[in-house]
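So you know, we letter chains A, B, ... as the sequences are listed, proteins then strands, and number each from 1.
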Amino acid sequence: MSTEPQTKDFIRNIVAEDLKNNKNDGRLVTRFPPEPNGYLHIGHAKSICLNFGVAREQGGVCHLRFDDTNPVKEETEFIDAIKTDVSWLGFDWGENEYYTSSYFEQLYQFATQLIRAGKAYVEDLSGEEMRQMRGTLTQAGTNSPCRERSIEDNLDLFERMRNGEFGNGEKVLRAKIDMAAPNMNLRDPAMYRILHAHHHRTGNEWCIYPMYDFAHGQSDSIEQITHSICTLEFADHRPLYDWFIEQLGIFAPRQYEFARLNLGYTVMSKRKLQQLVAQNHVSGWDDPRMPTLVGMRRRGFPARAIRTFCERIGVGKSDSWIDMSVLEDCVREQLNETAPRAMCVIDPIKVVITDYPPKKFFRLGPGREVRLRNSYIIKCNDFICDEHGKITELHCTHDAATLGAAPEGRKVKGIIHWVSQAHALKVEVRQYDRLFNVESPGASKEGVDFIDEMNPDSKEIIPCCYAEPSLANAEIGVPYQFERLGYFCADNESKSDALVFNRTVTLRDSWQKAK
RNA sequence: UGGGGCGUCGCCAAGUGGUAAGGCACCGGAUUUUGAUUCCGGCAUUCCCAGGUUCGAACCCUGGCGCCCCAGCCA
């Protein structure tokens, strides 16, 4: 399991300091709060490693809480997938599995508490009208005519909202804060909206649902979260969460924000990932080119490598763009230690050893001597071309004295991998490259759709490759190094009679660079 | 003269008044039956800019500049 980071980030420092001061009676509770509306990606891994990591390192616990406040977007399928991914990454939430939807009744009571305190009111205005009255970034908004509604009326209306007396969008419960607040989040934000929709957990019990902003902070409070760690864009919401907590007089978790992960040449936004899947630009959430955890797992990235990656990139507040090479290095480091070596020929040329019984496949420059890995040094004497002048066959002789022995005073040009044609397995190999051609898809120019920035060559299928016989037993997802080529693993579409291997990552290639 | 956040090597990132860690990338060189691995060595007189305080500043002060986020009945 991963060790403690070499240097502590600002969040770990804060936690350590709080613990030292016995803040919260020495309790440490964090949480990873995904919305079950999609699959987890490498950006979530950063958050998972942070939240679960801090808790594990400093003797706390980390909750897994599904923030399921929007029934129209959430599905049970995603809950299961998220749990699988978090477990795969190597973290255990034990009994601490929670759902915001479990707090719906409590949240409703909180709302009525605010209404009674004159801090919330039922709005009649339409969404469009509310938007217009909200003002702009530089101009204050104007108060709604409903703002001074009596507490009795608000209580009555809110209850009727719950009872289903109104249609979607007809009413909304708003917090009464300040329409002139420079922080837009404080301009009487919506707390509850009407949604006649089936919820994956509460079914048809509710037709009003709390907004994330009205649910998140209180959920943290209910769970006695001591350190609410989230990404930077929520810093502006912190004053709102604090306001709700203070009005309600309940336990106040402290929120800390860190910069979300950006990886070059891929996309991390859920909306974009969803679009890639929905429009079939990739084969699914688990397409090996996707930055999703399922995709990376299928591609062959070890969970350990992803943990190492999250450790290496650090946690800070400045916008960061991490180069894919950092992730690839973590993957290579891990695989180099664990992957058994095997041989597979992807671009075969027939070689006939004229003075040795079996025939073999491999690559070799004509007129030269070369070493067959784990075998003899052979010498190319002749070659055969097809009608286009392409070499199709090499005729070589072997040096019987070189099996397991160093060449006597001769410099061999190189060592190549090969496979015996008579015994080789015919396999399919899939090689992957970056999904996009630009570092930040969708952010390049005005009006350029990120879909148009996809790399058309991100997936290369090589149907006829020759692998050594031992690979017949390759289990799905288990890594191998195909010598001189890279790390590969059997794809989940692989069948015993139709083996398919994914290239996880290439080996470093200083020769390519030199050219 | 809206609010919030951020600016240390190509990319991340330590450092928080005592004279710039580390990783990735990159460049050398050694070992090697994977042009892999491993191994040595190099890689910011300088911390967005300009002033100021100080014996001494990336760290403190003042003023600029630049980048990111916010006007969902999404999260």
Under 4.0 Å, counting only non-hydrogen atoms across every strand here, what does A:Arg174 touch: a base, just sugar-phosphate, or nothing?
nothing

Under 4.0 Å, counting only non-hydrogen atoms across every strand here, what does A:Asn336 touch: a base, just sugar-phosphate, or nothing?
sugar-phosphate

Describe the nucleic acid contact of A:Met211 in one word from base, sugar-phosphate, nothing, applying a heavy-atom distance below 4.0 Å.
sugar-phosphate

At under 4.0 Å between heavy atoms, what does A:Asn70 touch on the DNA or RNA strands: base, sugar-phosphate, or nothing?
sugar-phosphate

Heavy atoms only, 4.0 Å cut-off, all strands: where does A:Arg373 land among base, sugar-phosphate and nothing?
base

Quick one: label A:Ser320 by what it contacts on the DNA or RNA (base, sugar-phosphate, nothing), any heavy atom closer than 4.0 Å.
sugar-phosphate

Below 3.5 Å, does any donor atom in the side chain of A:Arg484 face an acceptor in the base of B:U34, or the other way round?
no

Reckon A:Leu261 touches a base, only the sugar-phosphate, or nothing at all at heavy-atom distances under 4.0 Å?
nothing

Categorize A:Gly141 for me: base, sugar-phosphate, or nothing, with a 4.0 angstrom heavy-atom threshold over every strand shown.
nothing

Check every strand shown and say whether A:Leu137 touches a base, only sugar-phosphate, or nothing at a heavy-atom separation below 4.0 Å.
base

Does NZ or CZ of A:Lys317 lie under 6.0 Å from the centre of the six-membered ring of A:Phe258, at an angle within 45° of the ring axis?
no

With sugar-phosphate meaning primed atoms plus P, OP1 and OP2, does A:His237 contact a base, only sugar-phosphate, or nothing at under 4.0 Å between heavy atoms?
base

I'd like to know whether CD of A:Glu128 has more than 12 heavy-atom contacts from other residues, nucleotides or ligands below 6.0 angstrom.
yes

For A:Thr138, which contact category applies under a 4.0 Å heavy-atom criterion: base, sugar-phosphate, or nothing?
base

Sugar-phosphate only, base, or nothing, as touched by A:Gly414 at under 4.0 Å among non-hydrogen atoms
nothing

Under 4.0 Å, heavy atoms only, any strand: does A:Val505 hit a base, just the sugar-phosphate, or nothing?
nothing

Hey, does A:Leu403 reach any base, or is it just sugar-phosphate, or nothing, if we go heavy atoms under 4.0 Å?
base

